[in-house]
2 protein chains.
Amino acid sequence: MPPPRDQQLLVKAARLYYEEGRSQNEIATALQVSRSSVSRMLTAARERGIVRIQINDPTGRDMDLESELTARFGLRDCRVAEIHSGDRPLSRVGDLGARWLLDNLHPGQQVGVSWGHGLQAVVQHIPDEGGLDVEVLPLVGGLSAVDSAISGEELVRDLAGRVGGRFQRLHAPALLTSKAGRDVLLAEPSIQRTLDAARRVQVALVGIGSAGHGSSASLVKAMSLSESERERFDAAHPAGDVCARFFDAEGKAILGPTDDRVLGVSLADLAAIPLVAGVAAGPEKAGGALGALRTRVLDVLVCDSSLARALLARDAR
Amino acid sequence: MPPPRDQQLLVKAARLYYEEGRSQNEIATALQVSRSSVSRMLTAARERGIVRIQINDPTGRDMDLESELTARFGLRDCRVAEIHSGDRPLSRVGDLGARWLLDNLHPGQQVGVSWGHGLQAVVQHIPDEGGLDVEVLPLVGGLSAVDSAISGEELVRDLAGRVGGRFQRLHAPALLTSKAGRDVLLAEPSIQRTLDAARRVQVALVGIGSAGHGSSASLVKAMSLSESERERFDAAHPAGDVCARFFDAEGKAILGPTDDRVLGVSLADLAAIPLVAGVAAGPEKAGGALGALRTRVLDVLVCDSSLARALLARDAR
DNA sequence: AGAACGTACGCACAAATGTGCACATGCCGG
DNA sequence: CCGGCATGTGCACATTTGTGCGTACGTTCT
């Protein structure tokens with residue numbers, strides 16, 4: 001057999017062609033092969049994945065805000081939906097979130113999701129094509145108390161259906177009325193197993209709650225805090241939550257009874273996940289999103305331009 | 001001014017050309033423009049970054065081991081140097097590490113580094129070309145007690161010089177003989193500032209120490225532990241360290257006196273950094289590297305094939 | 001309004017690229 | 001040892017792609 005196509009040579013040809021922009025003729029001379037070989041080598045390089053061509057659609061995105069947010073908050077990636085009057089921000093953010101997820105989720109991986117309107121919007125915008133072979137996991141328990149439209153259970157199943165993957169369920173509520181109650185459930189092998197798997201996902205997609213808005217408000221109610229607990233919680237100045245884990249405006253986790261009654265991954269667990277994306281829409285979420293960014297748990301932010309501007313203004317130095 | 005080239009159309013053309021492999025003629029018909037316009041649109045798409053072409057050099061890498069490690073330990077990326085008899089593993093790993101860093105470090109970002117032979121090898125393999133405009137920061141204090149060849153101070157300066165960026169110094173030792181001593185230094189504004197900046201880097205590159213080998217051994221000495229402290233430390237079964245932060249074989253951080261005397265970022269700080277890469281070479285590092293992977297602080301591993309195989313064997317399920 | 005400019009378009013031609021074919025080379029199995 | 005068989009190469013030709021030029025159209029400035 002003749003020597004298998006020399007990888008080294010393929011790489012060299014690809015560099016000359018795609019990076020330095022030389023013609024195949026020049027490359028042929030430089031590498032001492034015929035021009036037609038160069039043509040074939042480049043084809044081989046593309047086929048073998050040595051050359052990767054990806055297209056990145058900036059339509060409807062505000063790249064300036066994206067790079068400012070990326071720099072300011074040390075993010076790995078950022079998607080900002082340009083909102084024109086009349087647009088439904090949530091829908092545009094959902095679209096960008098869906099595209100981000102499809103760009104960053106690779107076959108064979110696991111992905112964890114929380115819940116919320118933002119997440120729901122993302123999942124709705126994922127085309128129902130299947131064939132990705134990923135596993136979808138819930139990062140927190142179910143929420144019966146909150147608006148049923150945004151239940152996590154559904155979201156996990158719907159997402160798995162659309163991308164064409166498997167999923168696991170977490171047969172437990174997200175919020176318990178006591179730490180003891182939560183700990184009993186945590187001891188359940190099936191719950192432990194799912195939660196352990198959730199901690200090991202490669203990609204997590206979470207909604208960002210903001211104090212007093214949407215589910216964040218309902219969450220607090222569902223914990224049925226005593227008066228003193230409630231006071232203690234308020235004294236810590238909660239700014240928002242991710243996966244029902246609250247933090248203040250500086251991004252400091254708020255522990256104590258409110259945290260002990262949550263069944264789901266912790267903020268530290270999230271920090272350990274290689275790629276965590278937060279989704280939020282609307283300037284009223286600025287408080288929560290700012291705190292979330294400062295927890296440094298998020299690697300990626302998907303939001304709309306008005307929220308982006310609010311974040312940059314509030315974080316002004 | 002006529003409306004700027006329709007982004008939407010550029011994207012559509014790029015998709016048809018690069019993803020579906022249609023000829024420019026077909027695209028011209030489909031989009032109702034002349035073929036020459038299609039040619040120009042594609043050029044524009046490349047210039048505006050809508051189409052990105054990257055080449056990925058698999059030379060000297062074992063892609064099979066890479067994907068196995070990636071899957072097994074939930075990494076975001078992995079580079080495994082194929083070692084043939086006679087190669088110096090460290091040199092090959094350094095080369096891959098350098099290439100990884102150049103692929104993942106973007107202009108305007110900050111990068112944090114620790115120290116060690118592995119890091120030194122990486123820095124040596126970075127071509128002295130400059131023009132990247134990044135800032136290099138030390139993640140831990142200096143090490144005078146350990147082999148001077150691997151001092152972090154030098155590494156930071158050398159790396160900054162090669163990539164052509166700025167750097168900051170941490171005017172303090174990594175290891176103190178008491179927590180009080182460290183806390184005094186931590187209170188220094190200049191030190192606090194640098195360390196704060198180090199916590200905010202977008203990319204971190206760290207060496208992985210393994211208990212009893214290389215600098216890990218010297219580190220313990222330099223802390224001058226009392227007998228009881230030493231016993232307590234050993235009882236926790238240290239498997240290795242990253243940035244002088246020790247952990248056991250399960251990846252659990254080892255706190256206590258040994259940890260309190262370190263001046264540098266913590267494991268939790270590292271977990272919060274969006275992209276952390278660990279570098280290690282040689283199968284004797286398996287213990288430390290396995291623990292490090294299990295801390296889930298690392299997003300990326302750069303190693304050689306013998307270490308990769310040792311890791312997979314030890315982690316067998 | 002009209003000049004001056006910048007951008008985009010199509011045509012036609014030149015240059016670059018892809019590919020069918022014939023042939024070389026190393027390996028295997030009878 | 002010799003005929004497949006698989007892989008790689010160069011040649012010649014067909015197709016595809018890039019680009020200079022003349023033109024059209026909208027914006028801005030005078």
Side-chain angles (χ1 to χ4, degrees), chain A residues 1-67 82 84-86 305, chain B residues 1-64 67 82 84-85:
Chain A
M1 207 187 309
R5 254 195 207 303
D6 188 353
Q7 296 244 61
Q8 191 74 18
L9 212 57
L10 258 52
V11 172
K12 206 176 277 180
R15 283 212 144 76
L16 291 168
Y17 191 74
Y18 289 107
E19 287 183 348
E20 304 197 21
R22 318 294 203 82
S23 82
Q24 296 187 2
N25 239 322
E26 294 179 277
I27 298 172
T29 312
L31 300 187
Q32 302 276 15
V33 292
S34 79
R35 193 196 54 73
S36 39
S37 288
V38 175
S39 174
R40 285 187 255 253
M41 280 160 64
L42 291 172
T43 307
R46 266 164 299 180
E47 278 171 354
R48 295 199 201 180
I50 290 175
V51 173
R52 236 170 262 172
I53 300 180
Q54 62 178 119
I55 64 187
N56 166 282
D57 184 353
T59 307
R61 287 165 52 187
D62 188 319
M63 309 284 272
D64 294 341
L65 285 173
E66 287 181 4
S67 52
E82 252 177 352
H84 302 103
S85 59
S305 48
Chain B
M1 207 187 310
R5 256 195 206 301
D6 189 354
Q7 296 245 63
Q8 192 74 20
L9 212 57
L10 258 52
V11 171
K12 207 176 274 181
R15 282 211 145 73
L16 291 168
Y17 191 74
Y18 289 108
E19 288 183 347
E20 304 196 21
R22 316 295 201 83
S23 83
Q24 295 186 4
N25 238 322
E26 293 180 277
I27 298 172
T29 313
L31 301 187
Q32 301 278 12
V33 292
S34 78
R35 193 198 51 76
S36 37
S37 287
V38 175
S39 174
R40 286 189 252 254
M41 282 162 63
L42 291 171
T43 307
R46 267 164 303 184
E47 278 170 354
R48 295 199 200 180
I50 291 175
V51 172
R52 239 170 257 171
I53 299 181
Q54 62 178 116
I55 65 184
N56 169 281
D57 183 353
T59 307
R61 287 166 51 187
D62 188 319
M63 310 283 273
D64 294 341
S67 52
E82 252 178 354
H84 301 103
S85 59

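Keep in mind that the numbers below use all heavy atoms, side chains included, and drop hydrogens, waters and symmetry copies. Here is the naming used below: chain letters follow the sequence lines, and residue numbers restart at 1 for every chain. Because the structure is a prediction, the values reported are computed rather than measured.
In this structure, the CZ atom of A:Arg40 is 9 Å from the P atom of D:dG10, given to the nearest Å. One interatomic measurement links the two molecules: CD of A:Glu47 to C1' of C:dT19, which rounds to 14 Å at whole-angstrom precision. For the pair A:Arg35 CZ and C:dG18 P, the interatomic distance rounds to 8 Å; values are reported in whole Å. Nucleotide D:dT17 holds its P atom 11 Å from the CZ atom of B:Arg46, rounded to whole Å. If you take CG of B:Asn25 and P of D:dA14, they are 18 Å apart, rounded to a whole angstrom. As rounded to whole Å, 15 Å separates atom C1' of D:dG18 from atom CE of B:Met41.
At a threshold of 4.0 angstrom between heavy atoms, the contacts of A:Ser36 include nucleobase atoms, whether or not backbone atoms are also involved. As judged by a 4.0 angstrom heavy-atom cut-off over every strand, B:Ser39 is placed among the base-contacting residues.
In this structure, B:Tyr17 reaches the D:dT17 phosphate: one of its side-chain N or O atoms is under 4.0 Å from OP1 or OP2. An OP1 or OP2 oxygen of C:dA15 is reached within less than 4.0 angstrom by no side-chain nitrogen or oxygen of A:Gln24. Of the side-chain N and O atoms in A:Ser37, none sit less than 4.0 angstrom from OP1 or OP2 of D:dG8.
Rounding to the nearest 0.5 angstrom, the gap separating the OH atom in A:Tyr17 from the CD1 atom in B:Ile53 is 9.0 Å. Going from atom CZ of B:Arg46 over to atom OH of B:Tyr18 covers 3.5 Å, rounded to the nearest 0.5 Å. Between A:Leu16 atom CG and A:Glu26 atom CD the span is 9.0 Å, to the nearest 0.5 Å.
In this structure a side-chain-to-backbone donor-acceptor pair under 3.5 Å is present from A:Thr29 to A:Asn25.
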